[in-house]
Amino acid sequence: MNKLLIVLLISLFSLQGLFAQDFVIGKYDRLDLPVLNLKNLRAKIDTGAKTSSLHCSYIKQIDENTVVFEVLDETHKKYTEKRYSMPIERIASVRSSNGIVEQRFVISTKVVIFAKSYDTEFTLRNRTKMNYPILLGREFLKQGFLVDVREDYLSYSQKKLK
């Protein structure tokens with residue numbers, strides 16, 4: 001009886017894998033931020049980061065519920081000098097890669113990747129010294145992604161084929 005139960009459980013787990021909606025994402029990819037009217041932005045996938053982060057060159061709180069920011073900076077070809085005003089979802093304490101804890105504004109916006117839209121929270125941070133303007137963390141990845149660090153630009157490759 002125990003062997004039958006084990007075989008049944010293994011079969012169920014195997015079938016679950018066939019119907020899983022997870023996408024395999026590599027260590028880097030490209031995505032769109034339709035609310036901000038930005039397309040094809042480079043992103044680094046970081047399973048060590050809890051929250052995703054968006055590079056902003058200007059960040060200013062204008063009242064207790066609203067933050068104004070500029071996405072990217074003049075060194076990026078997609079920089080538009082446009083200031084966006086969005087609700088503050090929360091203020092997060094974030095430990096940066098150098099170990100220092102900072103308070104950062106968190107906004108929520110849509111991310112389009114693998115031709116699907118995801119509601120995602122981003123901390124706003126000046127990432128000028130970083131190679132990628134977007135960092136996608138675990139909270140985003142929990143929405144149905146498996147990370148294969150041997151790969152990169154998987155969604156972007158699929159997008160180009162269409």
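These numbers come from a predicted model, not from an experiment.
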Requested in this report: Return yes if some donor-acceptor pair links the side-chain N/O of N65 with the main-chain N/O of I88 below 3.5 Å, else return no.
Outcome: no
Query raised in the report: Are the side chain of D46 and the backbone of G48 linked by a donor-acceptor contact shorter than 3.5 Å?
Result: yes
Report task. First locate atom CZ of R30, then atom CG of D152, and finally report the distance between them rounded to the nearest 0.5 Å. Result -> 10.5 Å
Query - Partner residues of F122 under the ring-ring contact (aromatic ring centres under 6.0 Å, His included) criterion, sequence neighbours left out - result: none
Report task. Write down the atom of S57, the atom of N126, and the distance for their closest heavy-atom approach. Result -> CA-ND2, 4.2 Å
Report summary line: For residues 84-106, the ring pair (Phe, Tyr, Trp, His ring centres under 6.0 Å) pairs (sequence neighbours left out) are F69-Y84
Query raised in the report: What's the shortest heavy-atom distance between L154 and G26, and which atoms?
Result: CD1-N, 3.8 Å
Query raised in the report: With the 4.5 Å side-chain cut-off for hydrophobic clustering, are V94 and I59 part of the same group?
Result: no
Query raised in the report: What pairs meet the ring pair (Phe, Tyr, Trp, His ring centres under 6.0 Å) rule with one or both residues in residues 34-54, with sequence neighbours excluded?
Result: none
Requested in this report: Go through D73 and T128 one step at a time and tell me if the side-chain contact (heavy atoms from CB on, under 4.5 Å) criterion holds.
Outcome: CA-CA 8 Å; D73 60 44; T128 301; 3.4 Å; yes
Requested in this report: Compare all side-chain heavy atoms of D32 with those of L41 and state whether any distance is below 4.5 angstrom.
Outcome: no
Query raised in the report: Sub-3.5 Å donor-acceptor pair from the side chain of H55 to the main-chain atoms of R127, do we have one?
Result: yes
Report task. Can you measure from CG (D29) to CZ (R42) and round to the nearest 0.5 angstrom? Result -> 12.0 Å
Query raised in the report: Got a sec, which residues hit salt bridge (Lys or Arg N to Asp or Glu O under 4.0 Å) with K110, two or more places apart in sequence or on another chain?
Result: D119
Query raised in the report: Where do T66 and S85 land on the side-chain contact (heavy atoms from CB on, under 4.5 Å) test, with the steps shown first?
Result: CA-CA 7 Å; T66 311; S85 175; 3.1 Å; yes
Requested in this report: Assign the ring pair F145 / F114 to parallel, tilted or perpendicular, where the plane angle (0 to 90°) is split at 30° and 60°.
Outcome: tilted
Query raised in the report: In Å, rounded to the nearest 0.5 Å, how long is the span from NZ of K60 to CD of E70?
Result: 12.5 Å
Query raised in the report: From I45 CD1 over to K27 NZ, what is the distance, rounded to the nearest 0.5 angstrom?
Result: 11.5 Å
Query - For L136, the option from T47, L31, T51 that meets side-chain contact (heavy atoms from CB on, under 4.5 Å) - result: L31
Report summary line: Sorted by chain and residue number, the salt bridge (Lys or Arg N to Asp or Glu O under 4.0 Å) partners of E89 (sequence neighbours excluded) come out as none
Query raised in the report: Less than 4.5 Å apart, any side-chain heavy atom of E102 and any of S93?
Result: no
**Report entry** Between Y28 and E151, a side-chain donor and acceptor under 3.5 Å
**Finding:** no
Requested in this report: Each residue besides V68 in its hydrophobic cluster should be listed here, by chain and number; the cluster joins Ile, Leu, Val, Met, Phe, Trp and Tyr at side-chain heavy-atom distances under 4.5 Å.
Outcome: Y58, I62
Report task. Would you indicate whether K78, at its atom NZ, is surrounded by more than 12 heavy atoms from other residues, nucleotides or ligands within a distance under 6.0 Å? Result -> yes
Report task. Decide side-chain contact (heavy atoms from CB on, under 4.5 Å) for T123 and L54; before the verdict, give the C-alpha distance in whole Å, the side-chain angles of both, and the deciding distance to 0.1 Å. Result -> CA-CA 6 Å; T123 62; L54 175 63; over 6 Å; no
Query raised in the report: Is it true that atom CD of Q103 has more than 12 heavy atoms of other residues, nucleotides or ligands lying nearer than 6.0 Å?
Result: yes
Query raised in the report: Would a 4.5 Å heavy-atom cut-off, applied to side chains only, mark R90 and E121 as touching?
Result: yes
**Report entry** S53 side, atom OG; M130 side, atom CE - distance, nearest 0.5 Å
**Finding:** 8.5 Å
Query raised in the report: Mind checking whether L135 and Y118 sit in one hydrophobic cluster, side chains of I, L, V, M, F, W, Y counted as touching below 4.5 Å?
Result: no
Query raised in the report: Any side-chain heavy atom of L124 sitting closer than 4.5 Å to one from V106?
Result: no
Requested in this report: Check the pair C56 / R125 against side-chain contact (heavy atoms from CB on, under 4.5 Å), numbers first and verdict last.
Outcome: CA-CA 6 Å; C56 298; R125 175 74 165 101; over 6 Å; no
Query raised in the report: More than 12 foreign heavy atoms under 6.0 Å from NZ of K50: is that the case here?
Result: no
Requested in this report: Of all the heavy-atom pairs spanning S52 and G137, show the shortest one and how long it is.
Outcome: OG-N, 3.1 Å
Query - Gap separating the CZ atom of F140 from the CD1 atom of I134, nearest 0.5 angstrom - result: 10.0 Å
